[in-house]
Amino acid sequence: MKANCKISFPRFGNYNIAIEILMKLGLECDYIDAPLTTKKTLEIGTKYSPDFVCTPFKYQLGGYIEAIEAGANTLIQVGGPCRLGYYGELHEQILKDLGYDVKFINMAEADFAKPLTFYNEFKKINPKLNLKKVTSTLLLVVKIVDAIDKIEDFIRQNIGFEKNEGDFDLLHREFLAELRTVRTKKELNQTYKKYYTRLKNVETNKPTHPLQVGLIGEYYTIMDPYSNHYIEKELAKKGMIIKRWMNITNSFFNAPEQEIKKSIKDYAKYDMGATSMYTVKCALDYAKDGFDGIIHIKSFGCTPEIDAMPVLQRISEDYKIPIIYFSFDSQTSDVGINTRIEAFHDMIIMRKEKKK
């Protein structure tokens with residue numbers, strides 16, 4: 001029996017596919033897919049947000065309003081590892097002040113160390129929730145997220161070398177469309193193997209020693225393509241292997257905190273909060289692995305990542321690896337980003353030539 005709600009969640013990369021399956025299959029709710037993030041989304045969010053709040057807050061608020069206008073009457077706020085985890089109540093109050101009458105489910109109140117707390121939050125959406133069904137669906141959703149991350153990781157490391165422009169993007173869109181229809185682990189495995197094989201068979205022209213660039217930075221902006229102005233595509237056009245560790249799978253399931261702290265102890269004695277430890281760890285790994293450059297991405301005013309920047313400078317100096325910093329806000333220009341990428345690209349090519 002379906003719950004009497006039309007639920008939605010703001011766009012966040014391609015992870016909305018997993019959210020949709022969780023809501024439809026596990027919680028038996030109607031899901032309203034939030035409109036694609038556009039300039040309008042940010043304009044709406046900026047208009048009703050406090051001036052100096054981070055850009056992810058504005059994207060999410062704009063996404064909520066667009067979802068409501070698309071028919072949603074229940075919204076999910078999952079929070080985050082930084083101040084974003086406290087923004088649910090503020091989003092809710094802003095929406096109420098604007099006259100929107102919607103139900104708000106703040107998943108920041110759930111605790112990963114206590115799985116039952118998630119079930120309790122889900123019951124607010126559907127009081128007749130079936131524990132067995134939602135558990136099995138959650139396990140499937142975790143696998144779906146992992147499949148998305150693996151496919152996208154393969155693409156970002158190879159798309160810059162495709163012989164026929166658009167081959168990878170076409171297969172990626174087909175994969176995501178088919179993924180929406182998955183309802184069992186068997187179907188998921190078949191879909192993943194099918195598209196991974198097809199992606200591997202895409203003709204590429206990769207040089208023997210291509211440029212390698214590592215992406216590091218703030219959790220939301222680095223993972224949401226619109227928020228970072230599709231910087232990965234711009235880098236790929238320059239013929240680079242792009243490596244980005246930060247994704248949902250790695251940050252939730254492949255991040256042993258104590259090991260990470262130990263590995264960066266020469267550079268960071270204390271945890272600076274949010275994803276800063278991962279930022280330092282990945283920068284150090286890329287430097288040790290001989291990458292040609294590192295790109296640091298964050299939203300304007302992200303305190304943990306600002307704190308990490310002096311540490312990154314030390315790594316840059318110690319390993320002689322260039323790092324460029326991008327800070328995104330509602331006024332960021334595509335032209336400015338592309339100009340800086342062009343200059344960075346030219347610099348690392350010259351450095352590579354000198355080393356020969």
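Along the sequence shown, residues carry numbers from 1.
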SB check [X] [Y] (cutoff 4.0 Å):
| X | Y | result |
| --- | --- | --- |
| Lys298 | Glu305 | no |
| Asp285 | Lys281 | yes |
| Lys261 | Glu257 | yes |
| Lys24 | Glu20 | yes |

Look at the side chain of [X] and the backbone N and O of [Y], then say whether any donor-acceptor pair between them is shorter than 3.5 Å.
| X | Y | value |
| --- | --- | --- |
| Asp289 | Phe291 | no |
| Asn228 | Thr221 | yes |
| Thr38 | Lys40 | yes |
| Arg340 | Tyr325 | yes |
| Asn73 | Lys6 | yes |
| Glu187 | Arg183 | yes |
| Asn130 | Lys133 | yes |

Could you tell me the separation between the [atom1] atom of [X] and the [atom2] atom of [Y], rounded to the nearest 0.5 Å?
| X | Y | atom1 | atom2 | answer |
| --- | --- | --- | --- | --- |
| Leu75 | Ile105 | CG | CD1 | 9.0 Å |
| Ile337 | Ile297 | CD1 | CD1 | 9.0 Å |
| Asn16 | Arg11 | CG | CZ | 5.5 Å |
| Ile323 | Leu312 | CD1 | CG | 5.0 Å |
| Asp153 | Trp245 | CG | CH2 | 12.0 Å |
| Arg198 | Ile151 | CZ | CD1 | 11.0 Å |

Take Lys128 and Glu28 through the salt bridge (charged side-chain N to carboxylate O under 4.0 Å, His left out) test and state the conclusion after the steps.
CA-CA 10 Å; Lys128 297 180 180 180; Glu28 299 181 302; over 6 Å; no
So with a 6.0 Å cut-off around [atom1] of [X], is the heavy-atom count from everything else above 12?
| X | atom1 | result |
| --- | --- | --- |
| Asp101 | CG | no |
| Lys96 | NZ | no |
| Lys233 | NZ | no |
| Lys124 | NZ | yes |

What I'd like to find out is whether the side chain of [X] reaches to under 4.5 Å of the side chain of [Y], using heavy atoms alone.
| X | Y | result |
| --- | --- | --- |
| Ser276 | Asp271 | yes |
| Val142 | Leu139 | no |
| Phe344 | Ile295 | yes |
| Lys243 | Gln212 | no |
| Leu22 | Phe122 | yes |
| Asp292 | Ile321 | no |
| Gln77 | Glu92 | no |
| Ser251 | Met246 | yes |

Of all heavy-atom pairs between [X] and [Y], which one has the smallest distance, and what is that distance?
| X | Y | value |
| --- | --- | --- |
| Leu129 | Gly26 | CD1-O, 3.6 Å |
| Ser227 | Tyr220 | OG-CE2, 3.2 Å |
| Leu131 | Thr135 | O-OG1, 2.7 Å |
| Tyr31 | Ser8 | CE1-CA, 4.1 Å |
| Glu232 | Ile222 | OE2-O, 4.4 Å |
| Tyr267 | Asp318 | OH-OD2, 2.7 Å |

Between Ile32 and Tyr100, is there shared hydrophobic-cluster membership here, with clusters defined by ILVMFWY side-chain heavy atoms closer than 4.5 Å?
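Different clusters.
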Are Ile241 and Ile341 grouped together when hydrophobic residues (ILVMFWY) are joined by side-chain heavy atoms under 4.5 angstrom apart?
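No, Ile241 and Ile341 fall in different hydrophobic clusters.
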Between the side chains of [X] and [Y], does any donor sit under 3.5 Å from an acceptor?
| X | Y | answer |
| --- | --- | --- |
| Glu342 | Thr339 | no |
| Thr41 | Glu66 | yes |
| Tyr15 | Asn247 | no |
| Glu162 | Asn158 | no |

Step by step, work out the side-chain contact (heavy atoms from CB on, under 4.5 Å) result for Tyr192 and Leu179.
CA-CA 9 Å; Tyr192 173 75; Leu179 201 60; over 6 Å; no
Could you please spell out the steps behind the side-chain contact (heavy atoms from CB on, under 4.5 Å) verdict for Glu218 and His296?
CA-CA 8 Å; Glu218 174 248 310; His296 181 251; over 6 Å; no
List the steps, then state whether salt bridge (charged side-chain N to carboxylate O under 4.0 Å, His left out) holds for Lys262 with Glu259.
CA-CA 5 Å; Lys262 185 177 179 180; Glu259 288 182 27; over 6 Å; no
Check against ring-ring contact (aromatic ring centres under 6.0 Å, His included), Tyr64 and His91
CA-CA 9 Å; Tyr64 285 137; His91 279 144; 5.3 Å; yes
Under the side-chain contact (heavy atoms from CB on, under 4.5 Å) criterion, do Leu27 and Thr137 qualify, and how do the steps go?
CA-CA 9 Å; Leu27 276 66; Thr137 305; over 6 Å; no
Criterion salt bridge (charged side-chain N to carboxylate O under 4.0 Å, His left out) on Arg173 and Asp169, from CA distance to verdict
CA-CA 6 Å; Arg173 289 195 299 271; Asp169 279 340; 5.1 Å; no
Pair Asp33-Arg180, salt bridge (charged side-chain N to carboxylate O under 4.0 Å, His left out): steps then yes or no:
CA-CA 12 Å; Asp33 202 13; Arg180 288 186 182 276; 3.3 Å; yes
Pairs meeting criterion ring pair (Phe, Tyr, Trp, His ring centres under 6.0 Å) with involvement of residues 149-187, two or more places apart
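Matches after skipping sequence neighbours: Phe154-Tyr196, Phe175-Tyr195.
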Distance-only donor-acceptor pairs under 3.5 Å for side chains of residues 42-59, two or more places apart:
{"unit_1": "Thr46", "atom_1": "OG1", "unit_2": "Leu42", "atom_2": "O", "d": "2.7"}
{"unit_1": "Ser49", "atom_1": "OG", "unit_2": "Gly45", "atom_2": "O", "d": "2.5"}
{"unit_1": "Thr55", "atom_1": "OG1", "unit_2": "Phe328", "atom_2": "O", "d": "3.1"}

Step by step, would you call Gln157 with Ile242 a side-chain contact (heavy atoms from CB on, under 4.5 Å)?
CA-CA 5 Å; Gln157 293 186 55; Ile242 303 161; 5.9 Å; no
